[in-house]
Amino acid sequence: MKTLIKNFFLLLGIFLLITVVFSFFAEQAVKPSVVGIETLVNRINQEEVSELIVSGDKVMIILKDGSEEIARKEPSESLTTLLSNFQVDPAKTTDVKIQIKEEDGWNYFLINILPFLLPFLLITGFIIFMMRGIQGSNSKAMSFGQSTAKDFKPDAKNKTTFKDVAGAKEAKEELAEVVEFLRFPKKFHDLGAKIPRGVLLLGSPGTGKTLLARSVAGEAGVPFFHMSGSEFVEMFVGVGASRVRSLFEKAKKNAPCIVFIDEIDAVGRRRGAGVGGSHDEREQTLNQILVEMDGFEPTQNIIVIAATNRPDVLDPALLRPGRFDRRVMIDLPDLKDREDILKVHARKKPLAADVNLKTIAERTAGFSGADLANVLNEAAILAARENRKEILNQDLFEAIEKVMIGPERKSRIITDKEKKITAYHEAGHALVAHFLPLADPVHKISIISRGAAGGYTLKAPKEDKHMHTKAEFISEIAVLLAGHVTEKEIFQEVTTGATSDLRRATALARLLITDYGMSEKLGPRTYGEKEEMIFLGREIHEQRDYSEKVAEKIDEEINNFINQAITKATEIIRSKKEELEKIVATLLEKETIEKDEFEKIVGEKPTK
Ligand code: ADP
Ligand code: MG
Ligand code: ZN
């Protein structure tokens with residue numbers, strides 16, 4: 001589109017230039033007055049003429065007083081015949097210098113031909129211009145099937161290596177083997193070992209899948225072809241498959257190399273589950289990927305690395321031996337890994353002496369590598385905005401909250417009444433979280449609105465946990481409902497501020513029953529088939545595999561869990577009124593309370 005506009009302006013510019021030049025010459029040509037042949041004859045007879053310059057049909061008359069005039073004759077008739085025809089006295093003409101000049105090409109062209117030519121030129125130009133536009137999109141259509149893979153040739157300076165990936169120890173170990181295959185293929189061939197063709201990286205978004213794939217290429221020093229699953233799927237059927245073909249063609253020319261297919265779930269979803277158009281295209285694309293992978297010569301050292309965060313929806317055909325038979329799980333980083341990731345990203349950032357990345361890691365449970373990189377970046381931006389040379393602890397804390405909940409919205413105007421309600425609401429969350437031994441300890445309470453939240457209470461687990469008990473979940477639901485409960489206790493009314501709390505509490509209660517089998521009444525089984533279906537572009541997630549009666553029971557049990565949690569929360573709020581009031585007073589005064597101050601008010605967290 002840009003070039004189209006550029007072409008148009010170019011054409012317009014040329015047109016303007018021609019007009020200017022044309023009018024300039026035209027003006028010059030018009031300057032001397034045009035006279036008839038009789039006037040010329042008269043002038044000669046009266047001996048006023050000093051010179052005649054003939055060019056084409058034009059006779060330039062230069063008079064003795066220096067002025068100029070132009071007369072026109074028939075082009076075929078010579079000046080002398082013309083003069084004698086008009087019976088000019090030949091004696092009078094002897095004084096007159098007569099010059100015959102070549103016709104001035106440019107002038108002639110501009111004046112006589114251009115006026116006819118110009119419209120033609122413009123029309124032709126316009127047609128060419130249009131044709132080019134059409135051809136442009138045509139040639140794009142022709143290259144649809146070409147792979148748009150970005151390839152990264154090994155670049156000694158900026159290559160990503162395992163050093164850039166912190167944590168992910170198991171994943172790196174698995175992939176180190178792939179690096180070996182790429183670097184010393186002979187070693188494996190000699191022993192008759194078959195080199196794996198595909199490695200599937202599984203992990204939540206931001207856990208470093210792309211980074212790891214790139215670092216494998218960097219470690220092995222081979223080219224890296226990167227393409228995202230969604231790029232294969234275009235509007236037209238068949239494009240995906242031909243892109244796959246061209247991607248692998250490129251790879252074969254550059255072997256040994258790595259082909260990286262990001263978001264493979266976009267094409268590699270379980271086949272046969274979809275209803276609707278886009279489905280066929282995905283199937284063809286997936287088939288083509290499988291065909292290409294099966295077709296590698298054993299000596300061709302191409303390793304396909306694919307990444308997804310939805311292993312549950314992948315087509316089983318992808319996971320068969322000889323295809324993506326290596327699977328590498330990448331978990332969210334644990335405490336130690338988070339610290340290491342922070343260290344990697346703090347390399348080029350000047351941190352103040354008192355910054356302890358371990359405390360930052362403690363506060364960022366559940367953050368992915370990408371989130372952590374983002375925290376450091378946001379902190380650096382904050383420090384730069386205040387013209388500091390170092391990143392302070394407070395910048396990092398602020399950045400964590402920004403990444404976790406959203407930017408502070410200090411300008412949001414809230415009434416005193418709203419402020420008071422928010423203070424009670426957050427104090428309620430904090431109090432219940434503190435006095436329930438199984439809930440995570442409170443780090444900070446704030447009534448400054450941030451992102452979509454009116455206020456917030458930050459909690460962080462003491463250590464990373466991978467398993468949770470039913471009692472922990474009930475405590476968690478109680479903490480979620482505590483804001484709502486407190487509002488009801490104090491104001492005998494509830495506000496819309498608790499909507500998302502209620503939604504999360506309900507969702508969690510349902511999960512306990514349908515997925516974790518934690519309900520006594522409904523027993524240790526799961527309810528509902530979590531199958532992916534695509535219908536008219538919409539995903540339908542759940543399919544019921546239970547009866548209406550059971551659905552009723554599930555609803556009842558959800559209410560049961562919620563009520564238990566409400567009772568628990570209410571008990572705490574009622575028995576700790578004094579602490580509640582103190583927290584609220586402090587919040588209204590300072591807007592935020594940090595962990596230390598909070599613990600001064602409520603005492604140490606009970607462990608039992
Ligand atoms: P994914 O592909 O899994 O969604 P990326 O590989 O794109 O995640 O990671 C995004 C960014 O997060 C990386 O560019 C890197 O800066 C950071 N990151 C993620 N994991 C790590 C890690 N283990 N070590 C260092 N940086 C990481
Ligand atoms: Mg990625
Ligand atoms: Zn709340």
Side-chain angles (χ1 to χ4, degrees), residues 150 152 155 157-168 204-212 214-215 218 332-414 426 442-460 587 590-598:
K150 299 152 205 84
F152 298 91
D155 165 6
K157 252 190 256 157
N158 298 319
K159 70 176 180 184
T160 313
T161 63
F162 282 157
K163 273 206 205 86
D164 300 299
V165 189
S204 338
T207 42
K209 299 183 293 295
T210 311
L211 187 71
L212 262 169
R214 199 165 294 205
S215 70
L332 280 174
D334 62 13
L335 184 65
K336 181 78 185 62
D337 288 348
R338 287 199 297 275
E339 193 182 338
D340 291 342
I341 293 174
L342 286 167
K343 274 185 196 151
V344 166
H345 289 277
R347 263 189 223 150
K348 280 182 197 146
K349 298 190 175 71
L351 300 179
D354 68 327
V355 171
N356 182 355
L357 291 179
K358 184 146 187 252
T359 42
I360 306 298
E362 276 165 4
R363 281 196 176 213
T364 46
F367 273 40
S368 68
D371 290 333
L372 292 169
N374 198 7
V375 164
L376 275 167
N377 190 45
E378 288 289 345
I381 290 172
L382 281 172
R385 250 203 261 160
E386 294 183 13
N387 296 321
R388 275 190 263 104
K389 291 270 176 287
E390 281 179 330
I391 298 169
L392 306 179
N393 239 333
Q394 81 198 48
D395 296 325
L396 287 160
F397 288 166
E398 170 69 26
I400 291 173
E401 280 162 43
K402 195 168 175 188
V403 171
M404 203 184 275
I405 317 172
E408 241 176 33
R409 292 196 298 162
K410 279 193 171 140
S411 62
R412 188 165 111 167
I413 297 164
I414 47 172
E426 295 306 329
V442 173
H443 270 265
K444 180 176 177 175
I445 318 166
S446 170
I447 56 168
I448 297 171
S449 69
R450 202 179 253 290
Y456 54 97
T457 302
L458 296 185
K459 298 173 289 143
L587 274 177
K590 299 184 186 164
E591 296 195 327
T592 55
I593 302 180
E594 290 284 344
K595 187 176 182 179
D596 297 343
E597 198 171 353
F598 176 69

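Remember, predicted model here, so these are calculated numbers, not experimental data.
Between I405 and L458 there is a side-chain heavy-atom pair separated by less than 4.5 Å. Counting heavy atoms from C-beta outward, I360 and N393 have side chains that approach closer than 4.5 Å. Here the side chains of L335 and E362 are in contact, with some heavy-atom distance below 4.5 Å. The shortest distance between side-chain heavy atoms of E401 and Y456 falls below 4.5 Å. Within the 4.5 Å cutoff, the side chain of S204 has heavy atoms near those of the L332 side chain.
Closest heavy-atom contact between D337 and G167: OD1-CA, 3.3 Å. The minimum heavy-atom distance between A379 and A399, with the atom names listed, is N-CB, 3.7 Å. Across every non-hydrogen atom of K348 and P350, the tightest pair is O-CD, 4.0 Å. Of all the heavy atoms in A346 and L351, the pair that sits closest is CB-CD1, 3.9 Å. Of all heavy-atom pairs spanning S368 and P333, the tightest one is CA-CD, 4.1 Å.
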Determine, stepwise, if the pair K402 / R450 fulfils side chain to side chain contact (heavy atoms under 4.5 Å, CB included). CA-CA 8 Å; K402 195 168 175 188; R450 202 179 253 290; 4.0 Å; yes
Could you go through the side chain to side chain contact (heavy atoms under 4.5 Å, CB included) check for H345 and L357 one step at a time? CA-CA 11 Å; H345 289 277; L357 291 179; over 6 Å; no
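Atom CG in L587 sits 4.0 Å away from atom CD1 in I593 (nearest 0.5 Å). Between the CZ atom in F367 and the CD1 atom in I400 there is a gap of 6.0 Å [rounded to 0.5 Å]. Between the NZ atom of K163 and the CZ atom of R347 there is a distance of 8.0 Å, given to the nearest 0.5 Å. Atom CG of residue L392 and atom CG of residue L382 lie 10.0 Å apart, to the nearest 0.5 angstrom. Annotation: the span from L211 atom CG to R214 atom CZ amounts to 8.0 Å, rounded to 0.5 Å. Distance check, rounded to the nearest 0.5 Å: CD of E339 to OG1 of T359 gives 9.0 Å.
A salt bridge links D395 with R388; the closest basic N to acidic carboxylate O contact falls under 4.0 Å. Using a cutoff of 4.0 Å between basic side-chain nitrogens and carboxylate oxygens, R338 and D371 are not scored as salt-bridged. For the pair R363 and E594, the salt-bridge criterion is met [side-chain N within less than 4.0 Å of a carboxylate O].
Residues passing the side chain to side chain donor-acceptor pair (under 3.5 Å) test with K459, sequence neighbours excluded: none.
For NZ of K349, the number of neighbouring non-hydrogen atoms (other residues, nucleotides, ligands) closer than 6.0 Å is greater than 12.
Not a single donor-acceptor pair under 3.5 Å links the side chain of K389 to the backbone N or O of A383.
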